[in-house]
Student: 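Okay, here's the structure, questions in a sec.
Just so it is clear: chains get the letters A, B, ... in the order the sequence lines come, proteins before strands, and each one is counted from 1.
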Amino acid sequence: MEVRTRFAPSPTGFMHIGNLRTALYAYLYARANGGKFIIRIEDTDQGRYVDGAVDVIFNTLKQAGIDYDEGPGKEVGGYSYVQSERKAIYKKYAEELIRRGGAYYCFCKGRDMTDGGTVKYDKRCLRLSKEEVAERLARGDSYVVRQNIPDTDGVSSYTDLVYGEISVAYKDMEDAVLLKSDGMPTYNFANVVDDHLMGITHVIRGNEYLSSTPKYNLIYDAFGWERPQYIHLPPIMKDKERKLSKRYGDANFDDFVKKGYLPKAIVNYIALLGWSPKNNEEMMSMDDLIRLFNVEGVNISPAIFDEAKLRWLNGSYIKNMTVPEFVEAARPFLDASKVGGKYDYSLLAPLLIPRVEVLSEIPDLVNFLEEFGDYDTSIFTHQKMKTDGAVALTALNAALPAIRATDGWDMTVLHDTLVATAENVGLKKGQMLWSFRIAITGRASTPGGATEMAELLGKEECIKRMEHSIALLTR
RNA sequence: GGCCCCUUGGUCAAGCGGUUAAGACAUCGCCCUUUCACGGCGGUUACAUGGGUUCGAAUCCCGUAGGGGUCACCA
């Protein structure tokens, strides 16, 4: 039988990392088994609808490299994949479920329907006579449809593919509302009906549904439908006790992209949060993930999101980029920096590639190219290099005329010139290069060595900066 | 509180009755080196806890503690 999985988000805002991971696993499971991946929009709560939220979902999936076989825009089944457009279907099935004894009409209002101190609904409307129900319906009384949980000692169990056997006693379940008074189904009902109608074979979702799944299974049973397999996923945590959620604002896919994380790295990282491949590989493309994904590798306990590791992974992806690839990815960040448009980005790229972990670090790394003024001359002092202000001054005074006299301007020429000058004034090569580099950049650390920086800046700018530095040192 | 679930280093995570308890990130140290990085090498750090079962338990069972989830006309 063909595997069919689905991702069924409700359009209530942004796509956060936890949702994305659920989508990813559902997608991988389908692809790994040669099945179909379906997208369904769960917008039955009219009060929570957020404009544009559906676009966010699709944009995110697209960026993440997750494609789908059926869903909005790909109505293969000949029906809508948006729940609000399926209202009539749920009503029809709710009525059938009532006929089958799996549900009943309830006319109770709000909280007064509860029995004294107990929170659990007391099934009082189940005891209404057929006539009375018909009469109230005919009268147009507002109603909901409730699931009829057996009033016996039984238990409902199922075997989750990652958590194993889960059992919940009937007495611990409540007659949940299946159809709301506005005619919309609740998740409890819409999910079961849609998953069945859409032929979903494996339900993959967060483990907050672990203990309510037996209830859903009872609905499948009442309809005489085959129950799907379940794959519940542990949550992704912000820390030991807090779940990563959009409420904390920092868990949205878009935010990570804006910060300079590559979608591929994000996908790779979240694939690893809650799952690991047999061979323990860490850097995996989508194709690798599809090839390696298996339920056995899915973890059972919560995973804390570790941005440090994401950074490392992102850096690894950057290191694997070619210069053109890097320039393309880094362009927005380069454009936004002080060097924006003023340098040949492909000259900057080789310097940046091994040094950047997150693209947003780029401006800080390159701004000195356009930014130069007074700086703290104590940075000339370096123990290992045996330099200080005095050494630097000697070095620079000797280097300035030599630099002025250079014929040609490339790293080799610069290197030879500086080394020869150092020898002339009795300085070590390192003393010269360290002093020179700081003099032309005003920084203790730079994304490249002295000659690389000089080549980038050009002769004139170098001379200007050397003069300025000499002035600073003699001040 | 009832019910369901979880518990290997700071973090991710191998392990599925017998291992010197992998690997990765982070961290620390060394090497390389014209700075910073990259890279290379090495170190520190873990089976929540108490009982069983067993010749033998991180692995199986029970309790305890801690944590999460759920108990909506939200999903």
Student: Judged by each residue's nearest nucleotide on RNA chain B, which is more toward the 5′ side, Val356(A) or Tyr209(A)?
Tutor: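 Its nucleotide being nearer the 5' end, the pick is Val356(A).
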Student: Determine the interatomic distance between C1' on U45(B) and the same-named atom on G23(B); round to the nearest Å.
Tutor: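 After rounding to an integer number of Å, I get 15 Å for this pair.
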Student: Whether the side chain of Thr5(A) engages the backbone of Ala26(A) through a donor-acceptor N/O pair (distance < 3.5 Å, no angle test) should be reported.
Tutor: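 Yes: the side chain of Thr5(A) pairs with the backbone of Ala26(A).
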Student: For Ser276(A), answer base if it contacts any base atom (sugar-phosphate contacts may also be present), sugar-phosphate if it contacts only those atoms, and nothing otherwise; contact means non-hydrogen atoms under 4.0 Å.
Tutor: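 Sugar-phosphate contact only.
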Student: Distance check needed: A26(B) P versus Phe305(A) CZ, whole Å only.
Tutor: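 Going from CZ in Phe305(A) over to P in A26(B) covers 15 Å.
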Student: Using a cut-off of 4.0 Å on non-hydrogen atoms, how would the nucleic acid contact of Ala303(A) be classed: base, sugar-phosphate, or nothing?
Tutor: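 Sugar-phosphate, no base atom in range.
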Student: Ignoring the backbone of Asn280(A), work out which of C3(B), G67(B), A13(B) is nearest its side chain.
Tutor: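 Given the options C3(B), G67(B), A13(B), the side chain of Asn280(A) is closest to A13(B).
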Student: From the list G23(B), A75(B), U33(B), which nucleotide is the closest neighbour of the side chain of Glu282(A)?
Tutor: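 The listed nucleotide nearest to Glu282(A)'s side chain is G23(B).
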Student: Would you mind classifying the nucleic acid contact of Asn299(A) as base, sugar-phosphate or nothing, using non-hydrogen atoms under 4.0 angstrom?
Tutor: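 Contact class for Asn299(A): sugar-phosphate only.
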Student: Using the C1' atom in both, what is the distance from U64(B) to C6(B), to the nearest Å?
Tutor: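 Those two atoms are separated by 15 Å.
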Student: Where do Tyr269(A) and Phe305(A) land on the ring-ring contact (aromatic ring centres under 6.0 Å, His included) test, with the steps shown first?
Tutor: CA-CA 9 Å; Tyr269(A) 178 66; Phe305(A) 187 92; 5.2 Å; yes
Student: Closest to the Ile166(A) side chain: C4(B), C73(B), A22(B)?
Tutor: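 Shortest atom-to-atom distance from the side chain points to C4(B).
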Student: Sticking with atom C1', work out how far G42(B) lies from C32(B), rounded to a whole angstrom.
Tutor: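 Result for the C1' pair: 15 Å, nearest Å.
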Student: Considering only atom C1', compute the distance from U59(B) to U44(B) and round it to an integer number of Å.
Tutor: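 To the nearest whole Å, 26 Å.
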Student: Rounded to whole angstrom, note down the C1' distance from A46(B) over to U7(B).
Tutor: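 One C1' to the other, the span is 12 Å.
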Student: Any base atoms under 4.0 Å from Asp45(A), or only sugar-phosphate, or nothing? Heavy atoms, all strands.
Tutor: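 Sugar-phosphate contact only.
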Student: Measure the distance from CG on Asn19(A) to P on A75(B) and round it to the nearest whole Å.
Tutor: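 Taking atom P of A75(B) as the reference, CG of Asn19(A) is at 15 Å.
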Student: Say you pick atom C1' in C47(B) and the same atom in C55(B); how far apart are they, in whole Å?
Tutor: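 Going atom to atom, C1' in each nucleotide, I get 22 Å.
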Student: Taking only side-chain N and O atoms of Lys278(A), does any of them lie within less than 4.0 angstrom of OP1 or OP2 on C16(B)?
Tutor: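 Answer is no, no contact under 4.0 Å.
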Student: If the threshold is 4.0 Å, N to carboxylate O, is there a salt bridge linking Arg465(A) and Glu461(A)?
Tutor: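 Judged by the 4.0 Å cut-off on N to carboxylate O distance, Arg465(A) and Glu461(A) do form a salt bridge.
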Student: Specify the separation, in whole Å, of atom OH of Tyr170(A) and atom C1' of C4(B).
Tutor: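 Distance check: Tyr170(A) OH to C4(B) C1' gives 17 Å.
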Student: State whether the side chain of Lys459(A) and the backbone N or O of Thr406(A) hold a donor-acceptor pair below 3.5 Å, judged by distance alone.
Tutor: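 Yes; judged by distance alone, with no hydrogens or angles, the pair exists.
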Student: With both distances kept under 3.5 Å, what pairs with G63(B), Watson-Crick or G-U wobble?
Tutor: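 In the structure as shown, G63(B) has U49(B) as its Watson-Crick or wobble partner.
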Student: Regarding Arg48(A) and Asp45(A), does a basic nitrogen lie under 4.0 Å from an acidic carboxylate oxygen?
Tutor: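 Salt bridge: yes.
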Student: Rounded to whole angstrom units, what separation is found between the CD1 atom of Ile438(A) and the P atom of U35(B)?
Tutor: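 The answer, rounded to whole Å, is 11 Å.
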Student: Applying a 4.0 Å non-hydrogen cut-off, can you work out what Phe436(A) is touching in the nucleic acid: base, sugar-phosphate, or nothing?
Tutor: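 Contact class for Phe436(A): none.
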Student: Any Lys/Arg nitrogen of Arg40(A) or Asp195(A) sitting under 4.0 Å from an Asp/Glu carboxylate oxygen of the other?
Tutor: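 Yes, charged N to carboxylate O under 4.0 Å.
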Student: If the glycosidic angle sits within 90 degrees of zero it is syn, else anti. Tell me which applies to C38(B).
Tutor: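 Here C38(B) takes the syn form, which means its glycosidic angle is within 90° of 0.
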Student: How is Ser181(A) classified with respect to the nucleic acid when contacts are heavy atoms under 4.0 Å: base, sugar-phosphate, or nothing?
Tutor: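 Answer is base: heavy atoms of Ser181(A) come under 4.0 Å of a base.
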Student: Can you tell me how far P of G9(B) sits from NZ of Lys309(A), to the nearest Å?
Tutor: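 The answer, rounded to whole Å, is 15 Å.
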Student: Could you tell me how far apart Ile57(A) (CD1) and A75(B) (P) are, to the nearest whole angstrom?
Tutor: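 Distance, rounded to whole Å: 14 Å.
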Student: Considering Watson-Crick and G-U wobble pairs with both distances under 3.5 Å, what does G23(B) pair with?
Tutor: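 With both distances under 3.5 Å, G23(B) matches C12(B).
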Student: Return the value, rounded to whole Å, for the distance between atom CG of Asp239(A) and atom P of U7(B).
Tutor: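 The answer, rounded to whole Å, is 18 Å.
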Student: Applying the Watson-Crick and G-U wobble criteria at under 3.5 Å, what pairs with G39(B)? Answer none if nothing qualifies.
Tutor: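 Across any shown strand, G39(B) pairs with C31(B).
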Student: Where each residue is assigned the nucleotide of RNA chain B containing its nearest heavy atom, which of Ser167(A) and Ser445(A) is assigned the position nearer the 5′ end?
Tutor: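 So the residue in question is Ser167(A).
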Student: So, is Lys215(A) near the phosphate of C71(B), with a side-chain N or O under 4.0 Å from OP1 or OP2?
Tutor: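 False: Lys215(A) side-chain N/O out of range (4.0 Å or more) of C71(B) OP1/OP2.
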Student: Which base sits across from A57(B) as a Watson-Crick or G-U pair, both distances under 3.5 Å?
Tutor: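 By the stated definition (distances under 3.5 Å), nothing pairs with A57(B).
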Student: Determine whether Phe293(A) and Tyr25(A) satisfy the following criterion, ring-ring contact (aromatic ring centres under 6.0 Å, His included), listing intermediate values before the conclusion.
Tutor: CA-CA 8 Å; Phe293(A) 192 80; Tyr25(A) 284 17; 5.3 Å; yes
Student: Let me know the distance between CD1 of Ile304(A) and P of U8(B), rounded to the nearest Å.
Tutor: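 Between P of U8(B) and CD1 of Ile304(A): 10 Å.
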Student: Taking the minimum atom-to-atom distance to the side chain of Asp172(A), which one of C3(B), G69(B), C25(B) wins?
Tutor: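 Closest of the options to the side chain of Asp172(A): C3(B).
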Student: Taking 4.0 Å as the cut-off, does a side-chain nitrogen or oxygen of Lys428(A) come that near to OP1 or OP2 on U34(B)?
Tutor: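 No, outside the criterion.
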Student: Which base sits across from C3(B) as a Watson-Crick or G-U pair, both distances under 3.5 Å?
Tutor: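 The base-pairing partner of C3(B), which may sit in any strand shown, is G69(B).
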Student: Give the nucleotide from the list C5(B), A75(B), A24(B) with an atom nearest to the side chain of Trp312(A).
Tutor: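 Looking only at heavy atoms from C-beta outward on Trp312(A), the closest nucleotide is A24(B).
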Student: Report yes or no: do Tyr317(A) and Asn268(A) form a side-chain donor-acceptor pair below 3.5 Å?
Tutor: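 Result is yes, a qualifying pair exists.
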Student: Taking the P atom in each of C16(B) and A21(B), what is the distance between them to the nearest angstrom?
Tutor: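 Roughly 13 Å separates the two P atoms.
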Student: For C4(B), take OP1 and OP2 only and decide whether either is under 4.0 Å from a side-chain N or O of Ser212(A).
Tutor: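 So the side-chain polar atoms of Ser212(A) never come under 4.0 Å of the phosphate oxygens OP1 or OP2 of C4(B).
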Student: Mind checking Gly448(A) for me? I need base, sugar-phosphate or nothing, with any heavy atom below 4.0 Å counting as a touch.
Tutor: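 The residue Gly448(A) makes base contact.
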Student: C36(B) and C31(B): how far apart are their P atoms, nearest whole angstrom?
Tutor: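 Those two atoms are separated by 13 Å.
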Student: Is the shortest side-chain N to carboxylate O distance from Asp151(A) to Lys123(A) below 4.0 Å?
Tutor: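 The answer is no: the pair does not qualify as a salt bridge.
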Student: For Thr451(A), which contact category applies under a 4.0 Å heavy-atom criterion: base, sugar-phosphate, or nothing?
Tutor: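 Base contact.
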